[in-house]
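Remarks on the structure that follows.
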Amino acid sequence: MKIEEFRRVMAETAYIPAGSALHKTFHAFSQDALKITSELNGAYHTPEEVRVLMSQLTASEIDESFGLFPPFHTDCGKNTKIGKRVFINAGCQFQDQGGITIGDDVLVGPQTIIATLNHDPDPEKRGGMFAKPVVIGDKVWLGARVTICPGVTIGEGAIVGAGSVVTKDVPPRTVVAGVPAKVIKQC
C-alpha cells in the first residue's frame, strides 16, 4: 500500500483487525521507521540533516524552522503532519498510525508520548486496534512527560502541564494538568 492510500484509509478506518492487510502495512512502515530513527538517534546530525531524516520518516516536507533534539521514536512516521516553527524535545515517542497533526509554533516537551491506537478490549480480538487521530493546535505547549491518548484535540494556545495524561479534548487557551488532565485556568 502506498503512503497516500495508507493515509486515506486510516482517515476512514476506525478498526484494524489483527493480521489484516492494513495491519501488515503498519509493520512494513515500522521497519522503515526503525531504520530511519536508528540513523537519526545513532549519531550527531546537524539541524539540516535532522530535517532531511524527519522528511524521510514522515514522507512529507519538513519546514526549515523545525527543530528536534534526538532521540525520537515512532512506530510508523508516515501519518504525522508537522507545522512550522515546531520544536520536539528529546525522548519523545509518537504512535501515529491513526494520524498526528501538529500545528504551527508548537513546543513538545521531553519524553512526550502521543498515541493514536488502542487495542481491542475483547481478549479474543486483542490484536485488533481502534485508530483515532490526535490534533495539536497552533501555539500549544506540551510540558515534559505528557501523554496524549487517542482521539484528543488540543486547542490553540493551550498549555499541558508536565506529567499530565490527556484523555479528553483541551479547550483553546487553557492550562490543563493532572492524571487525568483537567482545566486549571485560562491563559
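Along the sequence shown, residues are numbered consecutively beginning with 1.
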Does any part of the side chain of [Y], heavy atoms only, come nearer than 4.5 Å to the side chain of [X], both counted from C-beta?
X      : Y      : answer
Gln95  : Ile100 : no
Asp122 : Arg126 : no
Pro171 : Val183 : yes
Val106 : Ile82  : no
Val52  : Glu49  : no
Glu39  : Leu53  : yes
Asn79  : Gln97  : no

With a 4.5 Å cut-off on side-chain heavy-atom distances among I, L, V, M, F, W and Y, is there a chain of contacts connecting [X] to [Y]?
X      : Y     : result
Met129 : Val9  : yes
Phe26  : Met1  : yes
Leu22  : Ile3  : yes
Ile36  : Phe6  : no
Leu117 : Phe29 : yes

Quick one: does [X]'s side chain have a donor or acceptor within less than 3.5 Å of a partner on [Y]'s backbone?
X      : Y      : answer
Thr37  : His73  : no
His119 : Phe130 : no
Thr25  : Ala21  : yes
Ser20  : Ile16  : no

Identify whether the distance between the nearest side-chain nitrogen and carboxylate oxygen of Glu4 and Arg7 falls below 4.0 Å. yes
Can you tell whether the side chains of Arg85 and Asp63 come within less than 4.0 Å, N to carboxylate O?
no
d(Met10 CE, Thr116 OG1) to nearest 0.5 Å is 6.5 Å
Over all atoms of both residues, closest heavy-atom pair of [X] and [Y]:
X      : Y      : result
Thr167 : Pro180 : OG1-CB, 3.7 Å
Asn41  : Pro70  : OD1-CB, 3.6 Å
Gln186 : Pro172 : OE1-O, 4.3 Å
Cys76  : Ala33  : O-CB, 3.4 Å
Ala131 : Gly98  : CB-CA, 4.0 Å

Does a sphere of radius 6.0 Å around OH in Tyr15 hold more than 12 heavy atoms from other residues, nucleotides or ligands, not counting ones at 6.0 Å or beyond? yes
Does atom CD of Glu12 have more than 12 heavy-atom neighbours from other groups under 6.0 Å away? yes
Using the rule given for side chain to side chain donor-acceptor pair (under 3.5 Å), can you reason through Thr74 versus Asp96, listing the C-alpha separation, both sets of side-chain angles and the distance that settles it, and then say yes or no?
CA-CA 7 Å; Thr74 182; Asp96 73 316; 3.3 Å; yes
task = Quick one: do Phe87 and Phe69 satisfy ring-ring contact (aromatic ring centres under 6.0 Å, His included)? Show the steps, please.
result = CA-CA 8 Å; Phe87 175 70; Phe69 286 170; 4.9 Å; yes
- prompt: Hey, do the aromatic rings of Phe72 and Phe94 have their centres closer than 6.0 Å?
  reply: yes
When Lys24, Gln31, His23 are each screened for side-chain contact (heavy atoms from CB on, under 4.5 Å) with His27, the one that passes is His23
What's the verdict on salt bridge (charged side-chain N to carboxylate O under 4.0 Å, His left out) for Arg51 and Glu48, showing C-alpha distance, side-chain angles and the deciding distance?
CA-CA 5 Å; Arg51 285 192 294 277; Glu48 295 79 19; 3.7 Å; yes
Listing, residues 134-159 side-chain donor-acceptor contacts under 3.5 Å, not counting sequence neighbours, or none:
{"unit_1": "Asp138", "atom_1": "OD1", "unit_2": "Asp104", "atom_2": "N", "d": "2.8"}
{"unit_1": "Arg145", "atom_1": "NE", "unit_2": "Gln111", "atom_2": "OE1", "d": "2.4"}
{"unit_1": "Arg145", "atom_1": "NH2", "unit_2": "Gln111", "atom_2": "OE1", "d": "2.9"}

Leu68 vs Met54, test: side-chain contact (heavy atoms from CB on, under 4.5 Å). Steps then yes/no. CA-CA 9 Å; Leu68 172 93; Met54 286 298 289; 4.2 Å; yes
